[in-house]
Amino acid sequence: MSSIKVECVLRENCRCGESPVWEEASSSLLFVDISSKKVCRWDSLSKQVQRVTLDAPVSSVALRQAGGYVATVGTKFCALNWKDESAVVLAAVDKDKKNNRFNDGKVDPAGRYFAANRRSIYKMEKEEHIPDGMCIDTEGKLWVACYNGGRVIRLDPETGKRLQTVKLPVDKTTSCCFGGKDYSEMYVTSARSGVNPQTLLQQPEAGGIFKITGLGVKGIPPYPYAG
């Protein structure tokens, strides 16, 4: 296995970065900043980032088989028109529930877009790490970003055994995905909200996008929404 390298490729200062998705056709990484109501696209070749701001918190983004993207915006499933920076509502849920929103979303192998609402809040001691976004490698092993843990861990989903740990220079790691030319790179989102000023001095890259290389495994391409 080659030496593992962790680098911040984009100091985006996300309040709550989430939902990284690799778009192979454009060699770009999509991700959202939930609290800032933004969908972002970072071009790994030009190193430029484009941002689209919507009218409600954006909790996830996904590729669409027909072209373009879909996203969960507030309590709505939306199709994104990247050129004119607009969103068209495909479906809405829980219209009668105020202060509710989708918390995350993912497309399954059948092309269905699943999303979950916010339901429970748990108090955790500071030594405990909260499992957050995750992805799967080609060997069927699970990679999990640990919020407040500053790491991603590789788990065997059948035994629950931890196989590998990769530490990052920020505490609030939120989600991860594989990407790059052959899906051998891992991209990790992070959050800046809730980090106190003193910690921010020690973790100036909080809210940034990180790339991990040298893991020795590859991921699978993301599934596009079939609608």
Side-chain angles (χ1 to χ4, degrees), residues 9 16-34 38-45 50 52 54 57-83 87-93 101-118 131-145 152-158 173-189 209-213 215-227:
V9 294
C16 188
E18 265 282 6
S19 188
V21 178
W22 184 258
E23 184 179 42
E24 188 173 348
S26 63
S27 298
S28 298
L29 183 77
L30 294 159
F31 62 94
V32 304
D33 186 350
I34 298 177
K38 292 179 182 178
V39 179
C40 306
R41 185 172 67 184
W42 174 73
D43 188 316
S44 68
L45 302 178
Q50 297 173 290
V52 172
L54 300 173
V58 191
S59 54
S60 71
V61 63
L63 307 180
R64 192 177 189 184
Q65 197 170 47
Y69 315 117
V70 286
T72 48
V73 184
T75 56
K76 299 170 290 188
F77 289 94
C78 295
L80 297 184
N81 187 321
W82 197 259
K83 290 184 179 180
V88 176
V89 178
L90 300 175
V93 301
R101 67 167 174 82
F102 286 125
N103 190 53
D104 207 347
K106 207 87 168 180
V107 178
D108 75 353
R112 299 171 297 183
Y113 197 1
F114 285 86
N117 282 338
R118 304 167 73 189
D132 204 340
M134 57 192 73
C135 62
I136 298 175
D137 62 33
T138 55
E139 298 176 8
K141 302 302 187 286
L142 195 64
W143 290 84
V144 184
V152 291
I153 59 175
R154 188 185 191 220
L155 301 171
D156 186 323
E158 294 184 359
T173 42
T174 54
S175 192
C176 55
C177 78
F178 282 96
K181 188 176 181 180
D182 57 357
Y183 291 92
S184 63
E185 302 169 348
M186 176 173 283
Y187 290 90
V188 182
T189 50
I209 307 299
F210 295 85
K211 181 173 74 172
I212 305 173
T213 53
L215 290 173
V217 295
K218 297 180 180 180
I220 56 177
Y223 300 111
Y225 170 59

Interatomic distance, [X] atom [atom1] to [Y] atom [atom2] [nearest 0.5 angstrom]:
X	Y	atom1	atom2	answer
L30	Q50	CG	CD	10.0 Å
S44	E23	OG	CD	10.5 Å
K181	S27	NZ	OG	9.5 Å
N103	T72	CG	OG1	9.0 Å
K76	F102	NZ	CZ	10.5 Å
C135	R154	SG	CZ	10.5 Å

Might you work through the side-chain contact (heavy atoms from CB on, under 4.5 Å) test for V107 and L63, ending with a clear yes or no?
CA-CA 9 Å; V107 178; L63 307 180; over 6 Å; no
Just wondering, do [Y] and [X] contact through their side chains at under 4.5 Å, heavy atoms?
X	Y	answer
W143	I153	no
M134	L155	no
I212	V188	yes
S60	D104	yes
F178	L215	yes
V52	W82	yes
D43	S28	yes
D132	E18	yes

Closest approach of [X] and [Y], non-hydrogen atoms and distance?
X	Y	answer
S59	S19	O-CB, 3.9 Å
A145	T174	CB-C, 3.6 Å
G227	A66	O-CB, 4.4 Å

For atom NZ of K218, decide whether the heavy atoms of other residues, nucleotides or ligands shown that lie under 6.0 angstrom number more than 12.
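Counting other residues, nucleotides and ligands, NZ of K218 stays at 12 neighbours or fewer.
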Pair Y69-V39, side-chain contact (heavy atoms from CB on, under 4.5 Å): steps then yes or no
CA-CA 10 Å; Y69 315 117; V39 179; 5.9 Å; no
For the pair C177 and L29, evaluate side-chain contact (heavy atoms from CB on, under 4.5 Å) and give the outcome as yes or no after the intermediate values.
CA-CA 9 Å; C177 78; L29 183 77; 3.7 Å; yes
So, T189 versus S175: side-chain donor-acceptor pair below 3.5 Å or not?
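Looking only at side-chain atoms, S175 and T189 do not form any donor-acceptor pair under 3.5 Å.
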Donor-acceptor contact below 3.5 Å, side chain T75 vs main chain V93
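Pair found, side chain donor or acceptor close to backbone of V93.
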Can a donor-acceptor pair be found, under 3.5 Å and without considering hydrogens, that links the side chain of N81 to the backbone of A87?
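Such a contact is absent between N81 side chain and A87 backbone.
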Of F114, Y225, Y113, which meets ring-ring contact (aromatic ring centres under 6.0 Å, His included) against F77?
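With F77 as partner, F114, Y225, Y113 yield a single ring-ring contact (aromatic ring centres under 6.0 Å, His included), made by Y113.
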For the aromatic rings, using the six-membered ring if either is Trp, is the centroid distance between W22 and Y187 under 6.0 Å?
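Ring centroids of W22 and Y187 are less than 6.0 Å from each other.
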Can D137 and K141 be counted as an ion pair, charged N to O under 4.0 angstrom?
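No salt bridge links D137 with K141.
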